[in-house]
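Have a look at the structure below, then the notes.
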Amino acid sequence: MSNAIKQSGAYLEIVSFHLGDQEFCIDIMAIREIRGWAPVTPMPHTPSYVLGLINLRGAVIPVIDMACRLGMKMTEPSERSAIIVTDINGKLVGLLVEQVSDMMTIRSEDLQPAPEIIPEAQRAFCRGIVALEKSMVCFLNLDTVIADELAQAA
């Protein structure tokens with residue numbers, strides 16, 4: 001288990017969501033709010049996973065299709081879709097997900113490292129794996145997942 005996981009405290013609060021038939025989660029401390037899907041304003045010459053921009057009470061923020069960013073099929077927004085507005089290192093970024101499913105509290109020791117058989121570049125997206133009774137959830141490392149957007153915003 002990495003030192004970052006061990007040092008994060010006894011419990012972690014997470015929000016899980018669906019992308020395709022897989023479930024992922026992020027640290028609740030990174031979430032500013034969860035909104036229903038709203039159309040975005042596309043921007044030219046952006047990566048395919050950057051859907052565009054939304055106006056969040058006067059703040060213009062980018063919205064990323066999380067499925068596409070993780071190498072999956074692009075999300076078809078529906079009434080169940082949500083935009084999870086995150087605050088990563090002071091930068092607001094919206095994450096389009098198919099459906100927010102749960103908010104959970106897990107013990108830090110229940111967060112297991114991603115298997116080493118996964119290439120390092122892909123493992124960097126995963127902060128760890130949460131093994132639940134009937135499923136496994138990939139705990140995303142948002143700093144890595146949206147690193148490109150954060151670097152461009154700097």
Side-chain angles (χ1 to χ4, degrees), residues 1-35 40 42-43 45-54 56 61-77 81-154:
M1 187 176 298
S2 75
N3 286 337
I5 294 171
K6 288 179 183 175
Q7 294 172 358
S8 61
Y11 292 94
L12 297 168
E13 291 187 81
I14 59 176
V15 170
S16 63
F17 54 90
H18 286 273
L19 300 173
D21 59 355
Q22 297 181 36
E23 193 170 12
F24 297 87
C25 66
I26 58 177
D27 189 335
I28 200 168
M29 297 305 290
I31 298 174
R32 185 164 179 177
E33 67 182 79
I34 299 173
R35 305 169 50 93
V40 299
M43 294 298 295
H45 304 292
T46 57
S48 60
Y49 56 85
V50 177
L51 297 174
L53 306 171
I54 61 171
L56 181 67
I61 66 169
V63 176
I64 295 172
D65 182 334
M66 283 299 287
C68 185
R69 180 66 181 112
L70 297 174
M72 303 166 71
K73 182 180 169 188
M74 289 189 79
T75 302
E76 292 290 333
S81 299
I83 296 174
I84 301 175
V85 178
T86 59
D87 185 343
I88 309 296
N89 301 323
K91 307 288 184 205
L92 296 179
V93 178
L95 310 174
L96 173 63
V97 300
E98 289 183 14
Q99 175 185 356
V100 174
S101 52
D102 205 358
M103 184 172 64
M104 298 179 271
T105 301
I106 61 169
R107 295 180 306 181
S108 295
E109 63 226 34
D110 291 338
L111 188 60
Q112 301 177 25
E116 292 184 12
I117 194 167
I118 300 171
E120 178 62 30
Q122 285 74 33
R123 248 186 310 146
F125 284 175
C126 181
R127 187 171 164 190
I129 304 293
V130 180
L132 301 175
E133 191 172 309
K134 294 183 179 179
S135 65
M136 288 193 277
V137 180
C138 178
F139 192 138
L140 293 174
N141 181 351
L142 289 180
D143 289 337
T144 306
V145 172
I146 59 172
D148 293 343
E149 289 69 33
L150 294 175
Q152 291 174 8

Within a 6.0 Å radius of atom CE on Met103, are there more than 12 heavy atoms belonging to other residues, nucleotides or ligands? no
| Residue Arg32 excluded, over 12 heavy atoms near CZ under 6.0 Å | no
Look only at the side chain of [X] and the backbone of [Y], and say whether a donor-acceptor pair between them is shorter than 3.5 Å.
| X | Y | value |
| --- | --- | --- |
| Asn141 | Asp143 | yes |
| Glu98 | Gly20 | yes |
| Arg69 | Val145 | yes |

May I have the step-by-step check of side chain to side chain contact (heavy atoms under 4.5 Å, CB included) for Met66 and Ile26, ending in yes or no?
CA-CA 12 Å; Met66 283 299 287; Ile26 58 177; 5.8 Å; no
For Leu51 and Leu96: C-alpha separation, side-chain torsions, deciding distance, then whether side chain to side chain contact (heavy atoms under 4.5 Å, CB included) applies. CA-CA 9 Å; Leu51 297 174; Leu96 173 63; 3.4 Å; yes
Side chain to side chain contact (heavy atoms under 4.5 Å, CB included) filter on Met29, not counting sequence neighbours, yields Asp27
Sorted by chain and number, sequence neighbours left out, side chain to side chain contact (heavy atoms under 4.5 Å, CB included) with Ala124 holds for Thr144
Contacts of [X] that satisfy side-chain hydrogen bond (donor to acceptor under 3.5 Å, both in side chains) - sequence neighbours left out:
| X | value |
| --- | --- |
| Glu116 | none |
| Glu23 | Ser16, Ser101 |
| Thr46 | none |

Spacing of [atom1] belonging to [X] relative to [atom2] belonging to [Y], to within rounding of 0.5 Å:
| X | Y | atom1 | atom2 | answer |
| --- | --- | --- | --- | --- |
| Leu95 | Ile83 | CG | CD1 | 9.5 Å |
| Ile31 | Ile84 | CD1 | CD1 | 5.0 Å |
| Glu109 | Gln112 | CD | CD | 11.0 Å |

Distance-minimising heavy-atom pair for [X] and [Y]:
| X | Y | value |
| --- | --- | --- |
| Met74 | Ser48 | CE-O, 3.7 Å |
| Ile61 | Val93 | CD1-C, 4.4 Å |
| Arg123 | Pro115 | CD-O, 3.3 Å |
| Cys25 | Ile14 | SG-CD1, 3.7 Å |
| Thr75 | Ser81 | CG2-OG, 4.5 Å |

Using the ring of Tyr11 (Phe, Tyr or Trp, six-membered ring only), decide whether Arg107 places NZ or CZ under 6.0 Å from its centre and within 45 degrees of its axis. no
Sequence neighbours excluded, the answer for salt bridge (Lys or Arg N to Asp or Glu O under 4.0 Å) partners of Glu33 is Arg35, Arg57
(message) Run the side chain to side chain contact (heavy atoms under 4.5 Å, CB included) test on Phe24 and Leu70 for me, step by step, so that the C-alpha distance in whole Å, both residues' side-chain angles and the decisive distance to 0.1 Å come before the verdict.
(response) CA-CA 11 Å; Phe24 297 87; Leu70 297 174; 3.9 Å; yes
| message | Could you walk me through whether Ile129 and Phe139 satisfy the side chain to side chain contact (heavy atoms under 4.5 Å, CB included) test, starting with their C-alpha distance in whole Å, then the side-chain angles of each, then the deciding distance to 0.1 Å, before giving a yes or no? | response | CA-CA 6 Å; Ile129 304 293; Phe139 192 138; over 6 Å; no
Practice item. Answer whether the closest heavy-atom distance between the side chains of Thr105 and Leu12 falls below 4.5 Å. Key: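 A side-chain contact is absent here, since even the closest heavy-atom pair is not under 4.5 Å.
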